[in-house]
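Everything quoted here is computed from the prediction, not taken from an experiment. We number each residue from 1, following the sequence as shown.
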Amino acid sequence: GDVYKRQPEGPSKLTVAYSVMRFQQMPDKMPFQSYIWDLNSPNVPEKELHAPSPVTSIAYNLKVFDIIGGGCYNGVVAIWDLRNREKQHGIQPVIVAPVEKGHHDPVTDFVWVSSKTGSEFATCSTDGRICWWDMRKPNEECLDSLVLTENIMGGTDGKTDRVVGGTCIEYMLDAGPMKYLVGTEQGSVLSVNKRQKKDKSVEISQRYGIETGRHFGPVTALYRNPLNYKYFLSVGDWTAKIWHEELKSPIIRTRYHPSHIMDGCWSPSRQGVFFIARRDGWLDVWDYYYRQNEIAFSHKVSDSALTSVKIFAQPGVVQNNGRLVAVGDQDGTVTLLELCDSLYRAPENEKDVISEMFDREYRKEKMLEQQKKASEAQKKQVKENAPNLAQETKKQELLKKTEENFWSQVGNMQQNGEEEQGENNEDQNSDHEGDGDGELNGHQENGSQKQHHQNLDGDEDNTEKQDQGFNESQGQDKDEKKPDEKNDGDENQNQKDKKEGQDDKEEN
């Protein structure tokens, strides 16, 4: 693999760093040199840069073009000064940070930071830290550092922080001297703010792609749009995505490419054009001014996997700016391509068309995000009101059950009333039948049986007749019993007299 940067003063020289980023797959005799190439002499490198470890990222200083800085595979940072005239083969670093004060993993990106002295730079690594350094203090620890974290579900408060490794840094002075974008191994993007105050605090102000839109692998490239700083491009897995710094989800994403994407970058002269380097050796060009759903142009660069792509851009230069593209592959070869006019010369109305397109997608995504927040707030409110809702539901169920029991009892009472009324009607019918029989058969009965019928309709005449008949029969019974009682008395008197006569005899 290789990482390279152009020389700021003009597209005449190219600095390339070589390394193998695969863990424990670096050859034993792999050279640690990096090279500076002259475009007019592509067969032999112009200078060699020696390092204590293979260089993984390299960049020219923003103010002094003779100073080059880079990060190494063993986690240290090194500074080279091209003005060094020592009589030895290659250029040795003038500054090498101590190993114990550097990163614990390979340095994945190195960027110079705008400052008054031009001596400050930032690095990131897969050890989960981003560090700020000053090359005037080579033996001291970094000026500031920040642990890169993501919020994941879990913990006592529902969320917890997880340390994530950094893969790339995007820094643009025009977007803000203290604003940084950091890509992570987990596919998300972090926005970092470094404050220039007494406390010099560093904080993560925004996390992109945590809930939705993250890449399914490490973010391999991260660049702001050079003509509209609020939008930035992220490259990872099989897609490239365009983000707005105020939204947590991407506004535009490409379709999945047939091979893994290793790097990407914006065109410095055209707002809607960006380049994608693929693992299968193809270079894809997306032109959103031409069409948005398909690749505008593809070119086979190498049979090996492409590892990096950069475009030469001179600040303040309009003529032929962004015409040359350098592409590095896995075999260590750098290919320089010259673009056609339509790929680096912007149409007249491209800026307005692309700006309107990005703004439209931004408004749409923002509206969806607001709807999602409203839905989450509603769910939260429902969850908070769940105990009251459960109590109210229980109360409603109790009322419903009570009402059902009430109407059930009412129904039973009505049914019992109907049954009693039916029985009374039957009794009335039987009473009428019994009264008729008594009148017809009253003279045939001897009064031995006592029948008493109650007339529910209040027939008093029949009742009096019954009572009279009952009294007459009772009087007859008493008259019949009187002769019997007289006879019994006479017999008892005779027996008594006989007993007294016997007693007198015995005494004599």
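- Residue Lys364 places its NZ atom among 12 or fewer non-hydrogen atoms of other residues, nucleotides or ligands, all under 6.0 Å distant.
- In this structure, CZ in Phe275 is found 6.0 Å from CG in Leu343, a value given to the nearest 0.5 Å.
- Around atom CD of Glu376, more than 12 heavy atoms belonging to other residues, nucleotides or ligands sit under 6.0 Å away.
- Between Val219 and Ser188 the shortest heavy-atom distance is CG2-O, 3.7 Å.
- Within a 6.0 Å radius of CD in Glu100, other residues, nucleotides and ligands contribute more than 12 heavy atoms.
- Among all heavy-atom pairs drawn from Ser234 and His215, the shortest one is OG-NE2, 2.9 Å.
- Of the possible polar contacts, none joining the Ser114 side chain to the Pro177 backbone as a donor-acceptor pair under 3.5 Å is found.
- Remark: Asp287 CG to Ser267 OG distance equals 9.0 Å, nearest 0.5 Å.
- Phe232 and Tyr208 have perpendicular rings, their planes meeting at more than 60° on a 0 to 90° scale where under 30° would count as parallel.
- Applying the side chain to side chain donor-acceptor pair (under 3.5 Å) criterion to Gln371, with sequence neighbours excluded, gives no partner residue.
- If you check the side chains of Ser119 and Asp134, you find a donor sitting under 3.5 Å from an acceptor.
- To the nearest 0.5 angstrom, Cys124 atom SG is 11.5 Å from Arg129 atom CZ.
- Using modelled atom types, one finds no donor on one side chain facing an acceptor on the other under 3.5 Å when comparing Thr167 with Thr108.
- Heavy atoms only, all atoms of each residue included: Leu222 and Val189 are closest at CD2-CG1, 3.8 Å.
- Using cut-offs of 30° and 60° on the angle between ring planes, the pair His299 and Phe297 is parallel.
- At a threshold of 4.5 Å between non-hydrogen side-chain atoms, the residues Leu339 and Val285 do not count as touching.
- Smallest separation of non-hydrogen atoms from Ser269 and Leu227: O-CD1, 4.1 Å.
- Separating the NZ atom in Lys400 from the CG atom in Leu398 is a distance of 12.5 Å, to the nearest 0.5 Å.
- Asp303 contributes no side-chain N or O that, together with a main-chain N or O of Gly281, makes up a donor-acceptor pair within less than 3.5 Å.
- For residues 235-247, every residue pair satisfying the salt bridge (Lys or Arg N to Asp or Glu O under 4.0 Å) rule, not counting sequence neighbours, is listed here: Lys179-Glu245, Arg224-Glu245.
- Between Arg270 and Pro347, some side-chain heavy-atom pair lies under the 4.5 Å cut-off.
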- [ ] Start with the C-alpha distance between Met262 and Val309, add both sets of side-chain angles, then the distance that settles side-chain contact (heavy atoms from CB on, under 4.5 Å), and finish with yes or no.
- [x] CA-CA 9 Å; Met262 305 299 295; Val309 55; over 6 Å; no
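- Just one residue in the list Arg278, Arg255, Lys300, Arg279 forms a salt bridge (Lys or Arg N to Asp or Glu O under 4.0 Å) with Asp284, and that residue is Arg278.
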Open item on the list: For a side-chain contact (heavy atoms from CB on, under 4.5 Å) check, start with the C-alpha distance between Tyr288 and Phe358, then their side-chain angles and the critical distance, and finish with the verdict.
Closed with: CA-CA 10 Å; Tyr288 277 176; Phe358 288 175; 4.2 Å; yes
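- One finds the SG atom of Cys168 at 11.0 Å from the CD atom of Glu185 (value rounded to the nearest 0.5 Å).
- Checking side-chain atoms of Ser259 against main-chain N and O of Asp280 turns up a donor-acceptor pair under 3.5 Å.
- A salt bridge between Glu397 and Lys394 is absent, with no side-chain N of the basic residue lying under 4.0 Å from a carboxylate O of the acidic one.
- Between Glu365 and Ser249, the shortest heavy-atom contact is OE2-OG, 2.7 Å.
- No side-chain donor-acceptor contact under 3.5 Å links Tyr231 and Trp266.
- For Glu150 and Arg214, the salt-bridge test passes: some basic side-chain N is under 4.0 Å from an acidic carboxylate O.
- Atoms OH and CD1, on Tyr290 and Ile295 in that order, are 13.0 Å from each other to the nearest 0.5 Å.
- Taking the six-membered ring where tryptophan is involved, the planes of Trp133 and Phe121 are essentially parallel, since the angle between them stays under 30° and well short of 60°.
- Looking at residues two or more places apart in sequence or on another chain, you find a side chain to side chain donor-acceptor pair (under 3.5 Å) between Asp105 and Thr126.
- In this structure a side-chain-to-backbone donor-acceptor pair under 3.5 Å is missing from Ser57 to Gly71.
- Side-chain atoms of Thr149 and Arg207 form a donor-acceptor pair, as typed in the model, at a separation below 3.5 Å.
- Salt-bridge annotation for Glu211 and Lys248: absent, with no side-chain N of the basic residue lying under 4.0 Å from a carboxylate O of the acidic one.
- Between the side chains of Asp329 and Ser304, no donor-acceptor pair of N or O atoms lies under 3.5 Å.
- A donor-acceptor distance shorter than 3.5 angstrom exists from the side chain of Trp112 to the backbone of Ala59, with no hydrogens or angles considered.
- The backbone N or O of Tyr73 lies less than 3.5 Å from no partner atom in the side chain of Thr56, so there is not a single donor-acceptor pair.
- Surrounding CD of Gln292 are more than 12 heavy atoms belonging to other residues, nucleotides or ligands, all under 6.0 Å away.
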